Number of protein chains: 2
Amino acid sequence: MKQEQRNTGLDRETVVRKLREHGITPTQQRVEIATVLFERPQHVCADQVLAQVNAVESLVSKATVYNTLGLFAKKGLIREVLVDPARLFYDSNMIPHHHMYHTDSGMLEDVAPGQVQLGALPEVPEGMVIEGVDVVIRVRRI
Amino acid sequence: MKQEQRNTGLDRETVVRKLREHGITPTQQRVEIATVLFERPQHVCADQVLAQVNAVESLVSKATVYNTLGLFAKKGLIREVLVDPARLFYDSNMIPHHHMYHTDSGMLEDVAPGQVQLGALPEVPEGMVIEGVDVVIRVRRI
DNA sequence: TTCTGTGCTAGACTTTGTCTAAACGCAATA
DNA sequence: TATTGCGTTTAGACAAAGTCTAGCACAGAA
């Protein structure tokens with residue numbers, strides 16, 4: 001794999017710092033993937049990340065993309081979004097928010113948390129903690 | 001395929017009526033599948049339905065199970081539940097409710113709608129309607 | 001230098017779900 | 001009774017997302 005920096009808005013140092021802040025050892029491959037993820041706020045699946053990372057030249061393998069996305073999600077750098085039964089999406093926007101999913105087009109939109117009033121959550125069983133609350137508003141053409 | 005009735009709580013006529021009420025032609029296979037789904041309120045994936053339907057003798061093919069579950073969901077007889085990235089679950093309980101998902105065990109629990117106060121929903125784009133709002137509370141062991 | 005642990009990789013593999021082409025079933029018609 | 005037609009079912013091939021395995025590379029410690 002090459003050492004050159006990808007031409008992007010986010011510089012390498014910022015990405016490396018971000019990884020370190022989340023307890024992730026910043027390897028070449030992880031930095032490449034993180035750079036793609038944070039180029040712009042977006043919803044992506046593993047396949048798209050793989051394609052974007054390797055767009056110019058082959059930098060990262062499929063296994064590493066899957067492993068890395070899983071690691072990033074576990075470490076709280078990105079968030080899994082379950083809307084499409086066929087594939088798992090990842091959201092690089094960690095500011096709390098919900099989603100609106102267009103079932104006919106597959107489009108996924110962010111919904112500001114203020115736009116959905118989520119009140120009292122139910123009791124959580126003893127010894128359990130809430131990992132997250134996902135709200136997905138499914139919409140379609142009339 | 002055999003004509004015998006499965007030994008269950010719900011009788012065939014009730015199931016047939018239920019299918020008709022949802023505009024579904026009640027074929028032998030569809031009745032078998034619906035019977036399994038409504039034996040008790042439960043969350044099942046296609047694989048489990050396939051196994052349960054064919055537990056005693058081969059009654060329904062894989063393709064038909066998948067097609068039928070899709071049809072039932074489209075017609076509003078059952079509901080798709082997206083919690084596990086690896087497989088699609090179906091919920092035969094159509095009374096509005098939410099879900100609590102145990103990420104470490106894969107267990108899926110119902111949450112009464114009253115336990116989550118969902119307030120004002122966001123504006124829906126022109127020409128679109130809300131198909132449903134899914135709330136999933138992900139919990140895990142401390 | 002050798003050992004140990006972590007990360008990366010190609011490619012095989014698994015699993016869920018879809019597709020296809022043929023056969024079936026049943027009702028309506030002749 | 002035979003025929004036609006349409007929706008349904010089927011076995012098995014297929015597709016696609018994601019996981020696993022075994023080996024290699026590299027860095028730090030002994």
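Letters A, B, ... mirror the listed sequences (proteins, then strands); counts begin at 1. Just so it is clear, the model here is predicted, and its values are computed rather than measured.
- Of the candidates dG18(D), dG12(D), dG11(C), dG18(D) carries the atom nearest the Tyr66(A) side chain, counting heavy atoms from C-beta on.
- Near DNA chain C, meaning a heavy atom under 4.0 Å away, there are no residues from residues 82-92 of chain A.
- With 3.5 Å as the limit, one finds a donor-acceptor pair spanning the side chains of His102(B) and Glu109(B).
- Taking atom CD on Glu32(A) and atom P on dT9(C), their separation rounds to 11 Å, with Å as the unit.
- Residue Asn67(B) contributes atom CG, which lies 14 Å from atom C1' of dT16(C) at whole-angstrom precision.
- Salt bridge present: Arg12(A) and Glu32(A) bring a charged side-chain N and a carboxylate O closer than 4.0 Å.
- Tested against Arg79(B), the residues Asp91(B), Asp110(B), Asp134(B) include a single salt bridge (Lys or Arg N to Asp or Glu O under 4.0 Å) partner, Asp134(B).
- Separating the CG atom of Leu50(A) from the P atom of dG18(D) is a distance of 11 Å, rounded to the nearest angstrom.
- Heavy atoms of other residues, nucleotides or ligands lying less than 6.0 angstrom from CD of Glu123(A) number 12 at most.
- Protein atom CD of Gln48(B) is 14 Å distant from nucleotide atom C1' of dT15(C), rounded to whole Å.
- Look at CD on Glu80(B): it is 12 Å from C1' on dG17(C), rounded to the nearest Å.
- Phe89(A) pairs in a side-chain contact (heavy atoms from CB on, under 4.5 Å) with only one of the listed residues (Val44(A), Leu82(A), Val83(A)), which is Val83(A).
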- Message: Run the side-chain hydrogen bond (donor to acceptor under 3.5 Å, both in side chains) test on Thr14(A) and Asp11(A) for me, step by step, so that the C-alpha distance in whole Å, both residues' side-chain angles and the decisive distance to 0.1 Å come before the verdict.
- Response: CA-CA 6 Å; Thr14(A) 311; Asp11(A) 65 292; 2.6 Å; yes
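- Closest contact between the side chain of Ser61(A) and the listed nucleotides dA10(C), dG18(D), dT10(D) involves dA10(C).
- When each of Cys45(A) and Thr27(B) is assigned the nucleotide of DNA chain D with its nearest heavy atom, Thr27(B) is the one assigned upstream, toward the 5' end.
- Atom CG in Leu59(A) sits roughly 16 Å away from atom C1' in dG7(C) (whole-Å rounding).
- Ion pairing of Arg87(B) with Asp47(B) is absent here, as no side-chain N (NZ or NE/NH1/NH2) approaches a carboxylate O to less than 4.0 Å.
- A straight line from CD of Gln28(B) to P of dT9(D) spans 10 Å, rounded to a whole angstrom.
- Candidate nucleotides dT9(C), dG12(D), dT16(C) were compared by shortest atom distance to the side chain of Asp47(B), and dT16(C) ranks first.
- Taking atom CD on Gln29(A) and atom P on dC26(D), their separation rounds to 11 Å, with Å as the unit.
- Residue Lys62(B) places a side-chain atom within donor-acceptor reach of the base of dG17(C), judged by atom type and a 3.5 Å distance cut-off alone.
- Side-chain nitrogen and oxygen atoms of Thr25(A) include none within less than 4.0 Å of the OP1 or OP2 phosphate oxygen of dT6(C).
- Using a 4.0 Å heavy-atom cutoff across all strands shown, Thr64(A) reaches at least one base atom of the nucleic acid.
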